[in-house]
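Here the structure is laid out as structure tokens; the discussion comes afterwards.
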Amino acid sequence: MDNSFVLKGNVCYNTTPQEVSCTANGYVVCVDGKSAGVFAELPEKYASLPLVDCGDQLIIPGMSDIHIHAPQYAFRGLGMDLELLDWLNTHTFPEEAHYADLEYAGRAYDIFANDVRRSATTRAVVFGTMHVEGTELLMDKLEQTGVVSYVGKVNMDRNGGENLEETTEASAADTRRWLADVEGKYERTMPIITPRFTPSVTDELMTQLADMAREHNLPVQSHLSENPSECGWVKELCPWSECYGDAYDHFGLLGNRTVMAHCIYSDDREVELLRASGTYVAHCPQSNAQLSSGIAPIRRYMDLGMNVGLGTDVAGGANLSMLRCMSDAVAVSKLRWRLVDDSLAALTTQEALWLATVGGGSFFGKVGSFEEGYEFDALVLDDSAIATPRDLDVWERVERYVYLAEEGGKIARKYVRGCEISLD
Ligand code: GUN
Ligand code: FE
């Protein structure tokens, strides 16, 4: 029963999007990889479990990055000077074309997987590239990190340029070959159907991908309403569609096992499609700023009870820090309130923590909370090097960590499904 133990420390997690529960010097109990709850005093029935004393450190749920591009990690922090469509053609597609070379892919994905392992991310929804072998290598490496992930072989049978385009037939056949290769191969790495976005995928391929998702009971990820030029292009490419979201919905690609990144320019009809289908919106605030895309109305989506989580969208976003992602989500929501629409209140830091933990985590099941029955994903945070003369309560310390992690904050321990992950 390696998977049963007690962590002692200062525990904090969301009970609602607006509220956190904090227990100073408390106990969070993991039984068989699942949380048995948080306690101020350790119940007698758990007294015989191994206890990890985290001292004065903070214990919070793990975080789910529900939109990230593994191959783009290689040029993170570079090429931040263009809007989406030019950025894809100038920086992104040429980089992704390199992943036909397995030696390059191996080096790049080693760096990515290592950094994910040491980050606050415990679960991720990941784009690979269109290459089957490279994507399988990425899955092998992510499996070894202990992080749980969905990984997609990307489909793109139009507008990829010379070196990053498949024929419709090859794309479908490669996807089926990839699914056969990886089925049942991993404990914590699962395939996800990944049409890049409507401009990259013909109607014929969308139809076949939707068939595969249904046949294999697989989730789906893509991009939606990120940039005005992209949205205009989709209208030309799919004149039959009632809105951009309809260009996915028409094929049966929306639903509560689908993640759509961005959703900045979704009109009322599109929002209703997303809401009614339970589609997840991956909010990627840093990417939306860096690519001058815009600011998604996340408050509106939360008020409508939609499924929403956070994504770093590397390399639209420069790094894979979910803490930075949280603080960016709060910051852009304030700019939106001030500059765009003061009827939508800014997000609070508590709400950003909810999005990073429960919001995105729910894509994986009961994930992102310490309430009884949730899978035990946890971060133990050491904030002792972030100096202050003040006496802070547990929430204030968590809040400060979100904004100041880079000032010497350290992830001391990390657990996924009750297994400790090496942070060396
Ligand atoms: N839309 C289609 N492909 C991409 C991508 O790689 N990144 C982002 N941010 N948007 C996209
Ligand atoms: Fe993206």
Side-chain angles (χ1 to χ4, degrees), residues 65-99 108 112 124-131 134-135 138 150-161 164-166 192-202 205-206 209 220-234 237 244-245 247-248 253 258-266 280-296 309-320 325 328 332 360:
D65 182 345
I66 66 167
H67 185 73
I68 181 163
H69 298 260
Q72 298 176 20
Y73 199 61
F75 74 101
R76 67 194 185 282
L78 296 171
M80 296 298 209
D81 47 357
L82 296 170
E83 277 192 64
L84 176 67
L85 299 177
D86 289 336
W87 175 81
L88 288 172
N89 288 322
T90 307
H91 300 296
T92 310
F93 291 172
E95 175 63 32
E96 290 192 17
H98 288 143
Y99 291 75
F112 174 74
V125 186
V126 183
F127 274 59
T129 62
M130 69 173 207
H131 312 96
T135 301
L138 170 62
Y150 285 108
V151 178
K153 171 237 175 295
V154 177
N155 297 94
M156 35 197 316
D157 69 338
R158 64 179 172 192
N159 299 313
L164 200 70
E165 202 174 288
E166 319 160 291
I192 181 168
I193 296 294
T194 306
R196 180 171 210 122
F197 69 157
T198 297
S200 295
V201 181
T202 60
L205 184 54
M206 286 286 191
L209 292 173
V220 174
Q221 63 178 345
S222 193
H223 296 91
L224 177 61
S225 296
E226 177 178 7
N227 172 287
S229 305
E230 171 209 20
C231 294
W233 195 12
V234 170
L237 290 166
Y244 188 169
Y248 296 115
L253 287 163
T258 294
V259 181
M260 284 289 160
H262 310 302
C263 305
I264 299 170
Y265 296 101
S266 302
Y280 277 74
V281 173
H283 178 41
C284 307
Q286 192 188 157
S287 167
N288 296 162
Q290 303 293 10
L291 299 179
S292 308
S293 298
I295 309 173
L310 297 180
T312 58
D313 195 25
V314 165
N319 60 59
L320 48 69
C325 192
D328 285 340
V332 304

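All ligand and atom numbering here is 1-based and tracks the order in the structure. Quick caveat: nothing in here was measured; it's all calculated off a predicted structure. In what follows, residues are counted from 1 in the order of the sequence shown.
Under a 4.0 Å criterion applied to the non-hydrogen atoms of His69, ligand 1 contributes the atoms 5 (C), 6 (O), 7 (N). The ligand atoms of ligand 1 that sit less than 4.0 angstrom from a heavy atom of Gln72 are 5 (C), 6 (O). Within ligand 1, counting atoms from 1 as listed, the ones closer than 4.0 Å to a heavy atom of Leu84 are 8 (C), 10 (N), 11 (C). Residue contact check: Glu226 has heavy atoms under 4.0 Å from atoms 1 (N), 8 (C), 9 (N), 10 (N), 11 (C) of ligand 1. Close contacts between ligand 1 and His262 involve ligand atoms 9 (N) [criterion: under 4.0 Å to a heavy atom]. Applying the 4.0 Å criterion to heavy atoms of Phe197 picks out, from ligand 1, the atoms 1 (N), 2 (C).
A distance-only check finds a donor-acceptor pair linking the side chain of Gln221 to the backbone of Val126 [under 3.5 Å]. No side-chain donor-acceptor contact under 3.5 Å links Asp313 to the backbone of His67. The closest donor-acceptor contact from the side chain of Arg158 to the backbone of Thr198 lies under 3.5 Å. Side-chain atoms of Glu95 do not come within 3.5 Å of backbone N or O of Thr92 as any donor-acceptor pair.
Looking at Glu166 and Lys153, a side-chain N of the basic residue comes within less than 4.0 Å of a carboxylate O on the acidic one, giving a salt bridge.
Closest protein heavy atom to atom 3 (N) of ligand 1: Arg196 NE, 2.8 Å. Among all protein heavy atoms, the one lying closest to atom 9 (N) of ligand 1 is Asp313 OD2, 2.7 Å.
Protein atoms of type N/O/S that fall under 2.8 Å from the Fe ion (ligand 2) number 4 in this view.
In this structure, Trp87 has a heavy atom closer than 4.0 Å to ligand 1.
Between Phe127 and His69, the ring-plane angle classifies as tilted under the 30° and 60° cut-offs. Taking the six-membered ring where the residue is Trp, Phe75 and Trp87 present tilted rings, their angle falling between 30° and 60°.
Looking only at side-chain heavy atoms (C-beta outward), His262 and Ser293 stay at 4.5 Å or farther from each other. In this structure, His91 and Leu82 have side chains that are in contact, with non-hydrogen atoms separated by less than 4.5 Å.
Between Glu96 and ligand 1, no pair of N/O atoms sits closer than 3.5 Å.
To the nearest 0.5 Å, the span separating CG on Asp157 from CG on Leu205 amounts to 4.5 Å. Atom CZ of Arg196 sits about 11.0 Å away from atom CG of Asn155, to the nearest 0.5 Å.
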